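Below is one structure, written out as structure tokens, with a few remarks after it.
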Amino acid sequence: MDYRRLGRTGLLVSAMGIGAGGPSRLGQRDSLRSEAESVALVLQGLDAGVNFIDTAEAYDTEEIIGKAVAQRDRGQIIISSKKRLRNKNISREQLRSGLEDSLRRLRTDYIDVYHLHGMRPEQYEYYANEIVPEMQTLQQQGLIRFIGVTEHWNDDLRHSMLQRALADELFDVIMVGFNLLNQGARDAVLRLALEKDIGVLIMFAVRRALSQPDKLKATLQALIESGELDAGDIDLEHPLAFLLEDGAAFSIPDAAYRFCLAEAGAHVILSGTGNPAHLEANLRSFAAPPMPAEHVARLKQIFGRAWSVTGQ
Ligand SMILES: NC(=O)c1ccc[n+]([C@@H]2O[C@H](COP(=O)([O-])OP(=O)(O)OC[C@H]3O[C@@H](n4cnc5c(N)ncnc54)[C@H](OP(=O)(O)O)[C@@H]3O)[C@@H](O)[C@H]2O)c1
């Protein structure tokens, strides 16, 4: 496992982060796994060297994380969690009581990175002016170590909220959507984050389009129809098969995680699964040699104009 400095936080984090949300929620979304199985999944990741876990009030997985972390050394684990933002602006009191509930569920007395969750551009001004100062108070009180914000990528395809957040430098850590199908965050976010030494968490590295063959075909078809992809660059019968040639990658999810791993300015690549075999495979991806440079270059060229899909 590769470890990186999470920007100006100075935290040393594993390149792979356990994502406890997304389509799987550690197997809890469709009650696919028992709670004990999901706890075991988290322990499987931690014991393989992952030291970063991302959860949220909204995921219903904080208790599972709490149970897993209680069985290991809390001080060696970086926990990231988030306050849900409703359509109506939340108050300072709601922020504080939400954090207290998360701490109780996580069985800890501090959260390493506490985010405002899925902020939309139109919400930015209120939260920057009214809620971030309260987060700074919570930070001074030792309840949170660093302040973060995550975007609502499906509704903010050009990353405009994060562009404002980076300009203001109010946040130590940001979470941004990025994957090989939509690399728009490279110019819109990652370059500036690197310059400003902000910690960057990547979400949507694989999501549905890069883990489900029919979704991949549908996404590529949509990109061809919108003119963001040249039909001549893609064989829809065997999409992205070149990535698997000569054993360079062992699957599309493998290639997708390794593509993000190679991206400058990306620190933690979140990986969400409810399946222990998938977790094992993903751990292999994060331990694998870098993706061949010619594949990275070809993916940059093929998807260089794509901006309208997230892989959702
Ligand atoms: N705005 C926000 O704050 C926000 C939004 C979205 C996500 N997030 C965070 O980012 C994390 C990661 O995002 P994501 O859920 O989009 O994760 P992801 O890692 O990009 O994709 C997860 C999906 O890929 C599948 N998958 C994973 N490994 C696989 C493998 N080896 N083979 C086949 N399928 C595989 C999973 O299904 P299986 O369960 O079947 O493996 C799941 O459906 C989330 O867990 C959450 O912590 C934050």
Side-chain angles (χ1 to χ4, degrees), residues 15-33 37-38 41-42 44-45 50 52-62 64-65 78-85 113-120 123 148-157 159 161-162 165 171 173-182 185 200-216 219 244 249-261 266-286 288 309-312:
M16 178 177 179
I18 296 171
S24 296
R25 296 194 181 172
L26 301 174
Q28 296 294 308
R29 166 98 67 181
D30 301 314
S31 305
L32 225 59
R33 306 280 167 195
E37 286 172 321
S38 295
L41 198 70
V42 176
Q44 182 186 342
V50 176
F52 191 98
I53 307 176
D54 179 65
T55 182
E57 178 185 48
Y59 298 163
D60 278 336
T61 51
E62 287 181 320
I64 288 167
I65 303 303
I78 314 295
I79 300 179
S80 150
S81 193
K82 320 188 191 78
K83 176 64 195 160
R84 183 191 343 229
L85 311 186
V113 187
Y114 194 58
H115 306 263
L116 297 174
H117 191 173
M119 194 190 291
R120 293 178 163 85
Q123 295 178 305
V149 65
T150 80
E151 69 177 352
H152 204 279
W153 196 25
N154 289 325
D155 296 326
D156 184 11
L157 288 160
H159 311 282
M161 185 284 293
L162 284 179
F171 299 93
V173 179
I174 60 172
M175 188 186 295
V176 60
F178 176 83
N179 57 46
L180 63 83
L181 300 168
N182 181 340
V200 174
L201 315 176
I202 300 290
M203 62 180 182
F204 283 65
V206 162
R207 202 68 179 185
R208 292 183 175 92
L210 291 157
S211 62
Q212 300 174 18
D214 51 334
K215 293 258 188 231
L216 179 57
T219 305
L244 311 180
F250 61 79
S251 67
I252 297 296
D254 174 49
Y257 283 125
R258 285 164 64 202
F259 178 77
C260 291
L261 204 47
H267 298 126
V268 177
I269 317 302
L270 293 166
S271 169
T273 182
N275 181 332
H278 288 173
L279 177 56
E280 208 50 52
N282 299 342
L283 286 161
R284 268 175 66 204
S285 301
F286 281 83
V309 298
T310 62
Q312 169 71 5

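Order of listing sets the numbers, starting from 1, for every ligand and every atom in it. Here the structure is a predicted model, which means the values were calculated and not measured.
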Short side-chain donor-acceptor distance under 3.5 Å, [Y] and [X]:
X      : Y      : result
Thr55  : Glu62  : no
Ser80  : His115 : yes
Thr273 : Ser24  : no
Ser271 : Tyr257 : yes

May I ask you to check whether Gly21 has an N/O atom sitting below 3.5 Å from an N/O atom of ligand 1?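 Min N/O separation from ligand 1 is below 3.5 Å for Gly21.
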
Is the closest N or O pair between Gly118 and ligand 1 shorter than 3.5 Å?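 There is no such contact.
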
Enumerated ligand 1 atoms positioned under 4.0 Å from heavy atoms of [X]:
X      : value
Ser211 : 24 (O), 25 (C), 34 (N), 35 (C)
Ser24  : 36 (C), 37 (O), 38 (P), 39 (O), 42 (C), 43 (O)
Phe204 : 5 (C), 6 (C), 13 (O), 16 (O), 20 (O)
Glu151 : 1 (N)
Thr273 : 38 (P), 39 (O), 41 (O)
Lys82  : 3 (O)
Ser271 : 19 (O)
Gly19  : 11 (C), 44 (C), 45 (O), 47 (O)

Using a heavy-atom cut-off of under 4.0 Å, does the side chain or the backbone of [X] touch ligand 1, or both, or neither?
X      : result
Tyr59  : side chain
Ala20  : backbone
Thr150 : side chain
Arg25  : neither

Closest candidate by heavy atom, reference [atom], pool [options]:
atom                    : options                        : answer
atom 31 (N) of ligand 1 : Leu283, Leu201, Leu26, Asn282  : Asn282
atom 21 (O) of ligand 1 : Lys215, Arg207, Arg208, His115 : Arg207
atom 17 (O) of ligand 1 : Gly272, Ser251, Cys260, Ser285 : Gly272

Quick test: of every protein heavy atom, which one is nearest to [atom], and how far off is it to 0.1 Å?
atom                    : value
atom 12 (C) of ligand 1 : Leu270 CB, 3.7 Å
atom 33 (C) of ligand 1 : His278 CE1, 3.4 Å
atom 5 (C) of ligand 1  : Met203 SD, 3.3 Å
atom 9 (C) of ligand 1  : Asp54 OD2, 3.5 Å

What distance do His159 atom NE2 and Glu151 atom CD have between them, rounded to the nearest 0.5 Å?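 So the gap between those two atoms works out to 5.5 Å.
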
Nearest 0.5 angstrom please: Leu116 CG to Thr150 OG1, how far?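 Here the rounded value is 8.5 Å.
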
Below 4.0 angstrom, N of the basic side chain to O of the carboxylate: do Arg25 and Asp30 qualify?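 Between Asp30 and Arg25 there is no salt bridge, as every charged N stays at least 4.0 Å from the carboxylate O atoms.
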
Check ion pair Lys83-Glu57 (N to O, under 4.0 angstrom):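 Here Lys83 pairs with Glu57 in a salt bridge, since their nearest N and O are under 4.0 Å apart.
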
What I'd like to find out is whether the side chain of Asn275 reaches to under 4.5 Å of the side chain of Arg33, using heavy atoms alone.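 Yes. Closest side-chain heavy atoms under 4.5 Å.
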
Applying side chain to side chain contact (heavy atoms under 4.5 Å, CB included) to Val42 and Leu26, what does each step give before you reach the verdict? CA-CA 8 Å; Val42 176; Leu26 301 174; 3.8 Å; yes

Tyr257 touching ligand 1 at heavy-atom level, < 4.0 angstrom: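 Right, Tyr257 reaches ligand 1.
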
Is Met175 in contact with ligand 1, taking contact as a heavy-atom separation below 4.0 Å?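 So Met175 counts as touching ligand 1.
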
Verdict with reasoning, Met161 to Val176, per side chain to side chain contact (heavy atoms under 4.5 Å, CB included): CA-CA 10 Å; Met161 185 284 293; Val176 60; over 6 Å; no

Where the side chain of [X] meets the backbone of [Y], is there a donor-acceptor pair that is under 3.5 Å apart?
X      : Y      : value
Thr61  : Ile64  : no
Gln312 : Asn154 : no
Gln123 : Arg120 : yes

